[in-house]
Amino acid sequence: MREEASFFQCCSMVKKIPVFSGLNWYRVQAIARSGEIVFYKKGESVSRQGQAPDFVYFLVSGRLESFAPDASGGKDDIEFIHRGMFFGIISALTGEVHSQTFEAINDSVIFRISYSEFRRILKQSPQLGIKFSKILSQRIRSKVTRTQLVNRSTIIAVYAPIAGSGGSTYAVNLATSLARETGERVIWVSLRSRNVPAHTPMSDIEEVRPQWNQPAQDIVALAKDFELIPEHIIKSDIGVDFLNVTFDKNNQSIVEHISEFISRFIDEYRYVIVDLPSDMDAVVMKTLSQSDLVHLVMVRKREALATGRSVLDRIEETFKEDFTEERVKVIIGGVHAHRNISEDTVRSLLDYDVTAFLPHIQRKDFDTMVNLPAVSFMGLDPASNYRKMITRISRQISGVSIGLVLGGGAAFGLAHIGVLKVLEEEGIPVDIVAGSSMGALIGSLWATGYMAADIEKMAYEFKKRSNLIKLIDIVFPLSGLISGKAVMSWLRGKFGQRTFRDTKIPLKIIAYDLIHRRDLIIEQGSLVEAIRKSISIPGVFQPIVSHDQLIIDGGVMNPLPTNVLVQAGVKRIIAVNVLQTPEDVIKGYEKTRLEIERSLQVRFVQAPLTYMGIHLKFWVNRSFFPNISDIIVRTLEASENVLAQQSGQHADIVIHPDLSGLNWYELNQAEELIKRGEAATRANLEHIRRVITNHNQHNRIS
């Protein structure tokens with residue numbers, strides 16, 4: 001914290017504070033003499049909870065966060081303070097200690113007045129006191145009604161250490177995606193150095209990067225009066241505004257203005273995307289340090305990754321304790337088709353997690369030209385994999401990710417295929433999948449890229465009982481009816497050597513450790529092994545013994561794992577519960593009873609073969625049912641249904657197909673199960689659409 005501002009600067013800053021803006025120059029000078037300008041670095045505390053009343057604070061530039069520290073060192077009752085707002089007035093007037101801690105999110109400039117001086121000013125200027133009273137009344141009303149006044153804006157710096165890595169293409173598409181997915185205001189700020197010559201394109205796709213049609217504004221000129229910035233912002237009707245700015249990297253004084261420059265956008269925009277030049281200079285590093293999120297865009301080439309690693313080291317050294325993988329994310333750009341280095345090798349060379357490997361972007365992926373007076377760029381086809389990945393990233397940033405939970409239920413789980421068919425047909429986006437038991441199997445197939453139609457064909461394999469019998473490999477002693485080796489062989493035929501890193505959509509599979517009595521959330525390693533663990537139905541499959549774990553079906557204790565996505569921060573959840581309720585079971589028994597009565601009306605003399613077939617079927621059923629496996633599964637289903645209904649309360653919508661009249665082991669009834677899954681999903685389409693378009697309301701200061 002440092003204090004160095006001339007009296008003239010102090011007067012100029014006071015004049016820009018909204019509550020003082022209507023005062024004459026004499027009053028402004030008097031207030032400026034009564035207070036002082038204080039500079040706070042990012043992360044510094046302005047005042048702390050429990051501190052005695054000292055000053056009334058006015059934020060001139062930057063951002064602050066106020067919160068009440070909790071017992072675990074976390075933050076409660078978080079609010080955000082933007083330029084022009086004030087705080088500390090209640091403590092000053094009442095003499096009570098500060099109820100919250102105030103901390104700088106960016107380098108910030110604050111004008112503060114001691115509470116004794118503040119009281120004197122109010123006595124001398126009653127009109128000013130009325131103005132403060134109105135603002136405080138508004139704040140109190142907003143507290144009572146739970147409404148909020150100011151969004152927390154998010155500043156995202158996009159930096160590509162190697163020129164031509166696709167950083168600008170990524171930045172502009174991230175900006176348009178955030179605007180499209182959230183409905184919030186977004187600005188894309190291009191910050192370029194005049195000292196760096198244009199690079200030689202590394203890919204012909206680079207030709208589609210944004211092109212500016214008018215000269216960039218000099219940041220030095222803007223720094224003299226940042227109020228001029230709005231005049232140079234290019235407005236658009238696509239939800240994103242644009243600003244093109246340049247700087248002289250040899251002018252080190254620019255560094256002092258970066259924090260104030262990027263924080264100038266936070267009052268008007270929910271998301272600020274700052275597209276940085278490739279040179280790692282003081283201006284770039286300062287911008288990175290003042291941003292909320294840093295996205296490093298890299299190329300999948302060894303020399304580029306080596307540069308990327310050194311950049312990560314430098315950022316970590318600068319950020320110190322503020323350096324986290326949540327804040328600094330690595331994106332492997334998609335403008336080049338280099339695939340000779342595996343994803344595991346990329347992670348190894350970087351010694352850092354990679355948030356996204358963007359698909360290779362091709363000319364055919366661009367379907368429109370966005371032409372604005374000052375800038376033009378190519379728009380992406382909604383069906384392109386590159387755009388889908390950017391969309392997923394933007395939903396993660398904005399907290400509007402959509403999660404799909406597929407519950408367990410043995411053969412009933414085939415109804416999930418019908419659900420997926422409708423989601424695909426209706427273009428319902430899904431960002432992450434969690435599944436238990438059969439939900440884990442169906443979810444894994446879909447997450448790795450199989451379409452619902454492909455999975456449906458796989459399910460129809462079991463319409464032939466001979467194919468179903470191939471999966472049954474009896475094991476002795478009977479720790480389970482089936483050893484699972486044949487099932488593993490079938491799974492390998494569908495998944496090969498794929499791991500969780502090969503999925504197109506993030507995936508979480510749930511199993512259960514019977515010894516330690518806890519859920520196992522599996523999200524790395526072999527998909528085949530993870531699925532085998534999750535489908536280990538007690539009494540049917542032999543459990544998996546792994547080290548000190550005895551692993552069984554994930555659906556036993558977590559048949560509808562909505563909690564897994566809630567813990568992952570997913571805000572919008574669609575859950576599919578395929579377990580039969582007691583009402584479904586009664587309905588099914590009644591249906592079966594009527595069918596039996598109709599069958600028994602057949603007489604031997606009328607249709608001897610039909611008569612013999614019906615009675616043979618009854619004899620087989622009486623001989624083999626109920627058996628121990630059927631009793632165990634039906635017992636588990638009864639308790640799982642209760643657990644699933646409780647878990648469903650954490651979802652925004654629960655799709656529950658009517659599967660009455662069907663049995664848990666009837667894989668040969670795939671067609672009927674899929675149809676019922678489709679019907680239930682179509683019946684809920686209107687609700688689903690409401691869920692995916694219901695954007696989260698972000699916190700505002702009150």
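Because the structure is a prediction, the values reported are computed rather than measured.
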Q.
Can you tell me how far apart CG (Leu520) and OG (Ser546) are? Round to the nearest 0.5 Å.
A. 9.0 Å

(Q) Working to the nearest 0.5 angstrom, can you tell me the gap between Leu441 CG and Ser436 OG? (A) 12.5 Å

(Q) If you apply the rule side-chain contact (heavy atoms from CB on, under 4.5 Å), what do you find for Leu174 with Val186, and how did you get there? (A) CA-CA 10 Å; Leu174 179 63; Val186 181; over 6 Å; no

Q. Heavy atoms, side chains only, cut-off 4.5 Å: are Met557 and Arg518 in contact?
A. no

Q) What's the shortest heavy-atom distance between Leu414 and Leu667, and which atoms? A) CD1-O, 3.8 Å

Q.
Between Val528 and Met488, does the side-chain contact (heavy atoms from CB on, under 4.5 Å) criterion hold? Intermediate values first, please.
A. CA-CA 7 Å; Val528 169; Met488 288 282 281; 3.8 Å; yes

(Q) To the nearest 0.5 Å, what is the distance between CG on Leu527 and CZ on Phe500? (A) 5.0 Å

Q: Take Thr176 and Ile238 through the side-chain contact (heavy atoms from CB on, under 4.5 Å) test and state the conclusion after the steps.
A: CA-CA 7 Å; Thr176 55; Ile238 63 172; 4.2 Å; yes

(Q) To the closest 0.5 Å, what do you measure between NZ (Lys421) and CD (Glu456)? (A) 4.0 Å

Q.
Are the side chains of Arg347 and Asp353 in contact, using a 4.5 Å heavy-atom criterion?
A. yes

Q) Hey, are Arg572 and Glu181 close enough for a salt bridge, meaning a charged N less than 4.0 Å from a carboxylate O? A) no

Q: Indicate the atoms forming the closest heavy-atom contact of Gly413 with Met438, along with that distance.
A: CA-CG, 3.5 Å

**Q.** Heavy-atom neighbours of Glu326 CD exceed 12 at 6.0 Å
**A.** no

Q) About how many Å separate CD1 of Ile331 and OG1 of Thr355, when rounded to the nearest 0.5 Å? A) 5.0 Å

Q) Between Arg395 and Thr391, do the side chains contain an N or O donor and an N or O acceptor separated by less than 3.5 Å? A) no

Q. With distance as the sole criterion, is a donor-acceptor pair present between the side chains of Asp553 and Ser437 under 3.5 Å?
A. yes

(Q) Does this structure show an ion pair linking Lys533 with Glu529, if we count only N-O contacts that are shorter than 4.0 Å? (A) no

Q. When rounded to the nearest 0.5 angstrom, what distance separates CD1 in Ile531 from CG in Leu507?
A. 8.0 Å

Q) Do Asp658 and Ser660 get their side chains close enough for a donor-acceptor pair, meaning under 3.5 Å? A) yes

**Q.** Minimum heavy-atom distance Ile573-Thr562, with the two atoms named
**A.** CD1-O, 4.0 Å

Q: Please indicate whether Lys675 has more than 12 foreign heavy atoms, meaning atoms of other residues, nucleotides or ligands, lying under 6.0 Å from its NZ.
A: no

Q.
Between Ile574 and Val430, is there a side-chain heavy-atom distance shorter than 4.5 Å?
A. no

Q. Should the ring pair His295 and Tyr170 be called parallel, tilted or perpendicular, given that the plane angle runs from 0 to 90° and is split at 30 and 60?
A. tilted

